K.L.:
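Can you read through this structure? Questions will come right after.
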There are 4 protein chains.
Amino acid sequence: MSRTQTRREKLAEKEEAILQAATKAFLLGGLKAARMAEIAKAAQVAEGTLYLYYRNKEALFEAVVARHWDDLRRGAQKVVRAETDPVLQLETLASYTLDRIMGDRKLFELTLYLAHAGEGLTAATDRLGYVRVFDGVIERGRSEGVFTASANPKLLRDLFFGTLDYAARSALARGEDAASSRIIETLMTAMLAVLQPRAEDRDPGVEERLERAVARLEAVAERYPAG
Amino acid sequence: MSRTQTRREKLAEKEEAILQAATKAFLLGGLKAARMAEIAKAAQVAEGTLYLYYRNKEALFEAVVARHWDDLRRGAQKVVRAETDPVLQLETLASYTLDRIMGDRKLFELTLYLAHAGEGLTAATDRLGYVRVFDGVIERGRSEGVFTASANPKLLRDLFFGTLDYAARSALARGEDAASSRIIETLMTAMLAVLQPRAEDRDPGVEERLERAVARLEAVAERYPAG
Amino acid sequence: MSRTQTRREKLAEKEEAILQAATKAFLLGGLKAARMAEIAKAAQVAEGTLYLYYRNKEALFEAVVARHWDDLRRGAQKVVRAETDPVLQLETLASYTLDRIMGDRKLFELTLYLAHAGEGLTAATDRLGYVRVFDGVIERGRSEGVFTASANPKLLRDLFFGTLDYAARSALARGEDAASSRIIETLMTAMLAVLQPRAEDRDPGVEERLERAVARLEAVAERYPAG
Amino acid sequence: MSRTQTRREKLAEKEEAILQAATKAFLLGGLKAARMAEIAKAAQVAEGTLYLYYRNKEALFEAVVARHWDDLRRGAQKVVRAETDPVLQLETLASYTLDRIMGDRKLFELTLYLAHAGEGLTAATDRLGYVRVFDGVIERGRSEGVFTASANPKLLRDLFFGTLDYAARSALARGEDAASSRIIETLMTAMLAVLQPRAEDRDPGVEERLERAVARLEAVAERYPAG
DNA sequence: TATGAATGAGTGTTCATTCAT
DNA sequence: CATGAATGAACACTCATTCAT
């Protein structure tokens, strides 16, 4: 059995080596520029061996991207669990997401690339796990009554991930490192405007009392006809 | 002179034909998949002729993308000018942007592709004109006192374009046509939360006076029995 | 008539401009690398105009090479005529030839190139005029009794031009500027060995005195019997 | 081990086939005219395979030329070793060289072509081995006292190879097969004029008679002791 | 004569993938 | 499972030459 285990371990190790070599290669120049021959050499396996683990170059590419998103998801879960307040969780998640996008921008671009070039929609699937972390935060906020139940989760995602993606991309395009704190602040203001509509000014008292007072006066007024 | 004009017109026509053929070709499968030979054939010119107008395939590609953004910019300016209220301008621009992204999504992807694959930063430049339309709306809103002057334009762009881009992309990824109205609504809520912070509760005088008026009303109303 | 002359002059000027531009272009990178478009631009004519003067690129190339050899021939005739002694004429011609080969090595290579690549043997024809200068020197030397009549002119050419060509080429290959004087000296020694067999031993003095001395020794020796 | 050997043999065979096919192709029309596709087909390998053995077309070309010079060198060494007298070695080498140039003139032209077109100086390197055979003959002649030590080897090479190259080229240009014996004779006369200065004026008669006279006088002298 | 825009044939090289060993 | 030599399809770009003006 130890032999079987050893064999399995060897396989796992080899797969890991391939994945790492491939990640490095794809990061350097994208799907097209990476050479299977170089990946094989870096992983210290023969070219043919790559095809024992992955059907083709694209499959290897997808595996790399998938693994990346899995890493991200785990990291996101970790930082989210460190907080209890949904609002803080949201803010923490935003910071984490922005940092990761900025740090591994190449891999995010690869995801876009995959979505663009690929016939498969695997990219969407990959992000799914990550998006669920976000959805979880929203859900918890709702069940705790901190967030309004009326906001559509899909739209919230658009706001959240769209803004962060775009902010990261334009920052990178301008060569800036990050102005993370400010964008996070702005994003939170925007998010909370949707998640907690008029939450703080909603002291319903004034309105209700006004309604009631007017209603009563109207009743009186009817009793005393004008004139 | 009519001869000169004719020549120029011929050149312009030929360039237009090339550009159209190229747009079609690039839209079909991106930069890589498009074949110069096919573009030439579709434009009814010889392959060599393409190179009289554009240095190489990539230059032709960039020209296609640039023209697309120019079209967009013009369209955006038009819809914005049709409104006078900055808030409505913003909303109109959002709708227009979303529609165009959804409609020409391939060309948006090509822009991303360009940003990803290209060594040139042309992509950013192309968008610039379009972004300026947005900036113009914000600026007008500020100068009219409708928007707060404190919001950073860059961050606003991130919110605006990021959300729209992402919404379009994810809608397309899910195969949906569009849920435009709802995302626009959400986006506007978010934007205004940043652009008009506590706009309605602002000027506490109103609230206080309202409070006082209600109190007096209540006092009066209580003097007259409910029945 | 002055108008006709003007026209002719214009044509001649244009042809000259083309030839000069072409020479420069071919010198830079040979037949293949030169671009008709660049030649046209340098000559300040349209591309099509080149073809009014020369059937095609190769014909232009040949014209350039031919003109070069004509220049050389004229120069050779000049230096040869400056001397009267055939031996000195030979030496002068050798120096001149070597200098020109070294100086315009590119054009010599082009001649070789023409011989190699071209289907026409034009190259040989071009050199003909130059070779005739050499033949003339030899002929004069013979008729003056300075050179032996028995040497085959063709073989002499092989010796003369072959050595000079090769010397120049190998010097250039080694990046040396020239060791001209020594090669000229050696070549002359070799040439004269063929053209003036036993030429230098013709200092009869030494031989005669030696002959006389031996004769006297023999006379003495004979007086004393061998045994 | 026999398997390994088999593999190596296969590789060697394949390389040989490529080299032969390439030689044939390059001989037909030079570097430019030869088509990699045709070479591959002739060698019965795929086009890509050519690039497993040679970096590119030019490298293949150089390999062909290099092999040619290696062949020549071996042949030259053989004929030289068949003689012992340096003068005869020189003459034999001249004949061999002339024959080979005439026979494989295309490959010689290719060498020139390489020198002309190539950025690399490989051509010179290739000839080096061959030239050394010549240098060896000269050196031996010197150490045996047959050749004068004063002649510069470089100049001798110019004379030897230059004359032979040129003779072959002009003979080929004139369509003649060869007038080898006469040119060899002339060349040897010229070479020896440089290598054995005053060789022929050594009219052995005088020397011999001097020797004899002195010998006889010595004999007489012994009979008549001094005093 | 002169122009110069248009032509379009022609080819070296790469690299993902396979398969005999 | 592993190897790595062999495959071969695929394609942008150049540039001498032409011809309508």
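Every chain is numbered from 1 and lettered A, B, ... according to where its sequence line falls, protein lines coming before strand lines. Keep in mind that what you see is a predicted model, and the values were worked out from it rather than measured.
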K.L.:
What integer distance in Å separates A/I39:CD1 from F/dT3:C1'?
P.N.:
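After rounding, the gap between these two atoms is 18 Å.
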K.L.:
Find the distance B/F61:CZ to F/dA12:P and express it as a whole number of Å.
P.N.:
14 Å
K.L.:
Does D/K14 make a side-chain N or O approach to OP1 or OP2 of F/dA6 shorter than 4.0 Å?
P.N.:
yes
K.L.:
Measure from the side chain of A/T49, starting at C-beta and using heavy atoms only, and say which of F/dA2, F/dC13, E/dA16 lies closest.
P.N.:
F/dA2
K.L.:
Does E/dT14 have a Watson-Crick or wobble mate here (both distances under 3.5 Å), and if so which one?
P.N.:
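With both distances under 3.5 Å, E/dT14 matches F/dA9.
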K.L.:
Taking the minimum atom-to-atom distance to the side chain of D/A46, which one of F/dA9, F/dT7, E/dT17 wins?
P.N.:
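In terms of side-chain proximity for D/A46, the closest of F/dA9, F/dT7, E/dT17 is F/dT7.
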K.L.:
Return no unless some side-chain N or O of C/Y53 is found under 4.0 Å from OP1 or OP2 of E/dA2.
P.N.:
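Answer is yes, contact under 4.0 Å.
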K.L.:
Using whole Å, what does the distance between atom P of nucleotide E/dT17 and atom OH of A/Y54 come to?
P.N.:
15 Å
K.L.:
Could you please spell out the steps behind the side-chain contact (heavy atoms from CB on, under 4.5 Å) verdict for A/E16 and A/Q20?
P.N.:
CA-CA 6 Å; A/E16 178 58 25; A/Q20 281 188 14; 2.9 Å; yes
K.L.:
Taking the nucleotide of DNA chain E with the closest heavy atom to each, which residue, C/G48 or D/A37, is nearer the 5' end?
P.N.:
C/G48
K.L.:
Checking all strands, does C/A33 fall into the base, sugar-phosphate, or nothing category for heavy-atom contacts under 4.0 angstrom?
P.N.:
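Nothing, no nucleic acid heavy atom in range.
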K.L.:
Nearest whole angstrom, please: distance from the P of E/dA20 to the NZ of D/K10.
P.N.:
11 Å
K.L.:
Show, in sequence, the C-alpha distance, side-chain angles and deciding distance for A/Y51 and A/M36, and conclude whether the side-chain contact (heavy atoms from CB on, under 4.5 Å) test is met.
P.N.:
CA-CA 10 Å; A/Y51 293 85; A/M36 293 299 269; 3.5 Å; yes
K.L.:
Using atom CG of A/L60 as one end and atom P of E/dT17 as the other, report the distance to the nearest whole Å.
P.N.:
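Value for this atom pair: 10 Å.
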K.L.:
When you get a sec, tell me which of E/dA2, E/dC15, E/dT13 is the closest nucleotide to the side chain of A/R35?
P.N.:
E/dC15
K.L.:
Step by step, would you call C/H68 with C/L72 a side-chain contact (heavy atoms from CB on, under 4.5 Å)?
P.N.:
CA-CA 6 Å; C/H68 171 65; C/L72 282 189; 3.6 Å; yes
K.L.:
Could you state the atom-to-atom distance from CZ of C/R55 to P of F/dT18 in whole Å?
P.N.:
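It works out to 10 Å between those atoms.
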K.L.:
When you compare the side chain of A/E58 with that of A/E62, does any pair of heavy atoms fall below 4.5 Å?
P.N.:
yes
K.L.:
Both C/M36 and B/Y51 contact DNA chain F. Which one's nearest nucleotide lies toward the 5' end?
P.N.:
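It is B/Y51 whose nearest nucleotide is closer to the 5' end.
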K.L.:
Report the base-pairing partner of F/dT21 (Watson-Crick or G-U wobble, both distances below 3.5 angstrom), or none.
P.N.:
E/dA2
K.L.:
For D/L52 and for B/K57, locate the closest nucleotide of DNA chain F by heavy-atom distance; then report the residue assigned to the nucleotide nearer the 5' terminus.
P.N.:
D/L52
K.L.:
For the side chain of A/L11, starting at C-beta, report the closest nucleotide among E/dA2, F/dA2, E/dA9.
P.N.:
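For A/L11, the side-chain atoms sit closest to F/dA2.
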K.L.:
Return the value, rounded to whole Å, for the distance between atom NZ of B/K32 and atom C1' of E/dC15.
P.N.:
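Roughly 11 Å, once rounded to whole Å.
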K.L.:
Can you work out whether D/E47 or A/N56 has the more 5'-proximal nearest nucleotide on DNA chain E?
P.N.:
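That would be D/E47.
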K.L.:
Would you say the side-chain atoms of A/K57 pair up with the backbone N or O of A/K32, donor to acceptor, closer than 3.5 Å?
P.N.:
yes
K.L.:
Measure from CD on B/E15 to C1' on E/dA5 and round the result to the nearest Å.
P.N.:
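One finds 14 Å between C1' of E/dA5 and CD of B/E15, rounded.
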K.L.:
Would a 4.5 Å heavy-atom cut-off, applied to side chains only, mark B/Y53 and B/L60 as touching?
P.N.:
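Sidechains of B/L60 and B/Y53: no contact.
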